[in-house]
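Every value quoted in this text rests on a predicted model; they were computed, and no experiment measured them. Labels below follow one simple rule: chain letters A, B, ... track the order of the sequence lines, proteins then strands, and each chain is numbered from 1.
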Protein chains: 2
Amino acid sequence: MGLRERKKERTRAELQRHALRLFRDHGYAETTVDDIAAAAEVSRSTFFRYFPTKEDVVLFDDVDPVMERVMHGLPDGTPLLAAVRTVLRESFGSLDDEARALEEVRMELARSVPQIAAILRERNAFAVEQVAGMVGPATGRDPADPEVLLFSGIVLGARHAARARVEAGRAASYVDELDAMLGRLGAGIPLADEPVRARAQSP
Amino acid sequence: MGLRERKKERTRAELQRHALRLFRDHGYAETTVDDIAAAAEVSRSTFFRYFPTKEDVVLFDDVDPVMERVMHGLPDGTPLLAAVRTVLRESFGSLDDEARALEEVRMELARSVPQIAAILRERNAFAVEQVAGMVGPATGRDPADPEVLLFSGIVLGARHAARARVEAGRAASYVDELDAMLGRLGAGIPLADEPVRARAQSP
DNA sequence: AACGCAACTGAGACTTAGTGTCAAAAGAAT
DNA sequence: ATTCTTTTGACACTAAGTCTCAGTTGCGTT
């Protein structure tokens, strides 16, 4: 790995590090791209060469390839739900220390800066199609099959639920919470047959 | 309703109508707020007085109050899943002609302009917390209860799945598709126990 | 009918995100 | 050392979004 490569890597990391720090200390909207660039001692242009938008500097790194790998390592015949649970747990769990630390800061940011929570929720809510693209082939079905899409949607839903718990400060670890949610799915859809009491609404 | 109110209503509708038309004809990014304002014959300032951001001009109108009303009209003891299904079907189904037509344009736009599809997916993916805020009280539980959140997430997931089908051009009516998805949920989580075949991946 | 109040609107200045160009600087290769 | 390529910085430009202020217009009062 040449000097050029290492320098690029360092610049990218610096930009991200300073950005997250500034967001945490002064807020997301209050921090301009100029501020970030100045803190990392590069020009504004350089910032945009590394991150297409200001939001991107906060986003998760791509975990897709890892998930693919874990999926391939599973024994044939594993039930789909269990397979997905394993894939998510393993791939998130296998992040190295640096990535995990970054994740920590991001989560803390998501809790303290509402705007960042919104960004993470919106941008990182990976599309149903993405999950379906994995589930379809694994079960030998069309990714556009309604049941494949519904299953994928449910997995996403569990993800949303887990994030909601973490953002509300009710759960410490996102990975554990997501795992727990997928575990609950093993017993079917919770509360599906629970009777509603229309009158029980509070003001 | 005074003249002022009616005028406001008309201005808002005009802005939205022209915006959607311009987006459809020239694309989302290519249409500036100035263009929209000019077409609706108001000033740029006025546009932002009606819609906080350019994106907002595309978004769904708030259906919350309608949903609340339908929910209250349900007989006590209705199973939760059935209740939610009814609420969604009824509240979307009860839109007046104008709203339904607007909806039609929006869906067409979502299909032809990828950027708008993204906006709808992101912004209108109403938060888990919102659904949980309805489900919680109806079942006499804390909206932060993990099972309440998971159930809410699943409903959202079905919504994502339905939208994916519509966007892919595989389903004509969003309302019907969502209803069908929720119907499928009645039989539990589809494909949960389906065996995966890791080798069955295509390149 | 005229008055004053409050809400709505338009004009325009300003900040910042994001894009594009071009020339200078710095690493890599010969 | 020289040439080639990649990276960078300076700068100009467009458009979104915010803010202020002055002018207008509907609305209730006297």
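The residue among B/Phe47 and B/Leu3 whose nearest nucleotide of DNA chain D is located toward the 5' end is B/Phe47. Comparing A/Glu30 and B/Thr11, the nucleotide of DNA chain C nearest to each residue sits closer to the 5' end for B/Thr11. Taking for each of B/Pro52 and A/Glu5 the nucleotide of DNA chain D with the nearest heavy atom, the 5'-most of the two is the partner of A/Glu5.
Scanning atom types as modelled, no donor and acceptor separated by under 3.5 angstrom connect the side chain of B/Arg6 and the base of D/dG26. A donor-acceptor contact under 3.5 Å links the side chain of B/Ser45 to the base of C/dA11. If you check distances only, the side chain of B/Arg4 does reach the base of D/dT25 with a donor-acceptor pair under 3.5 Å. Between the base of C/dG18 and the side chain of A/Arg44 there is a donor-acceptor pair shorter than 3.5 Å.
Applying the 4.0 Å criterion to OP1 and OP2 of D/dT8, one finds that A/Thr46 has every side-chain N and O outside that range. Checking the phosphate oxygens (OP1, OP2) of C/dG27, a side-chain nitrogen or oxygen of A/Lys7 falls inside 4.0 Å. Of the side-chain N and O atoms in A/Lys8, one or more sit less than 4.0 angstrom from OP1 or OP2 of D/dT7.
Nearest heavy-atom pair across A/Tyr174 and A/Ala162 is CE1-CB, 4.1 Å. Of all non-hydrogen atoms in B/Ala164 and A/Leu149, the two that sit nearest each other are CB-CD2, 4.2 Å. The nearest pair of heavy atoms linking A/Val148 to A/Pro143 is CG1-O, 3.9 Å. Among all heavy-atom pairs drawn from B/Asp34 and B/Arg44, the shortest one is OD1-CD, 2.9 Å.
In the set D/dA16, C/dT16, C/dG18, the nucleotide with an atom closest to the side chain of A/Thr32 is C/dT16. For B/Arg49, the side-chain atoms get nearest to C/dT9 when compared with the rest of C/dA17, C/dT9, D/dA10.
Here B/Glu194 pairs with A/Arg141 under the salt bridge (Lys or Arg N to Asp or Glu O under 4.0 Å) rule; sequence neighbours left out.
Atoms CZ (B/Phe48) and P (C/dC14) sit 18 Å apart, rounded to a whole Å. If you take NZ of B/Lys54 and P of C/dG18, they are 13 Å apart, rounded to a whole angstrom. Rounded to a whole Å, the CD atom of B/Glu41 is 14 Å from the P atom of C/dT9. If you measure from atom CZ of A/Arg10 to atom P of D/dT8, you get 11 Å, rounded to the nearest angstrom. At whole-Å resolution of the value, CZ in A/Phe23 and P in C/dA17 are 9 Å apart. Following rounding to the nearest Å, B/Asp35 (CG) and D/dA16 (C1') show an atom-to-atom distance of 13 Å. In this structure, B/Asp34 places its CG atom 15 Å from P of D/dT18, rounding to the nearest Å.
Contact check for A/Thr139 versus A/Phe151: no side-chain heavy atoms found under the 4.5 Å cut-off. Annotation: side chain of B/Leu185 is in contact with side chain of B/Ile154 (closest heavy-atom distance under 4.5 Å).
When heavy atoms are screened at a 4.0 angstrom cut-off, A/Tyr50 is found touching the sugar-phosphate backbone but no base atom. Residue B/Phe51 is out of contact with every strand shown, counting any heavy-atom pair closer than 4.0 Å.
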Discussion item. Working note: B/Glu9 + B/Arg12, criterion salt bridge (Lys or Arg N to Asp or Glu O under 4.0 Å); need CA distance, chi angles, decisive distance, verdict.
Written reply: CA-CA 5 Å; B/Glu9 207 45 53; B/Arg12 169 178 230 90; 5.3 Å; no

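Between its opening and closing five pairs, the helix from C/dA1-D/dT30 to C/dT30-D/dA1 changes axis direction by 10°, a value rounded to 10 degrees.
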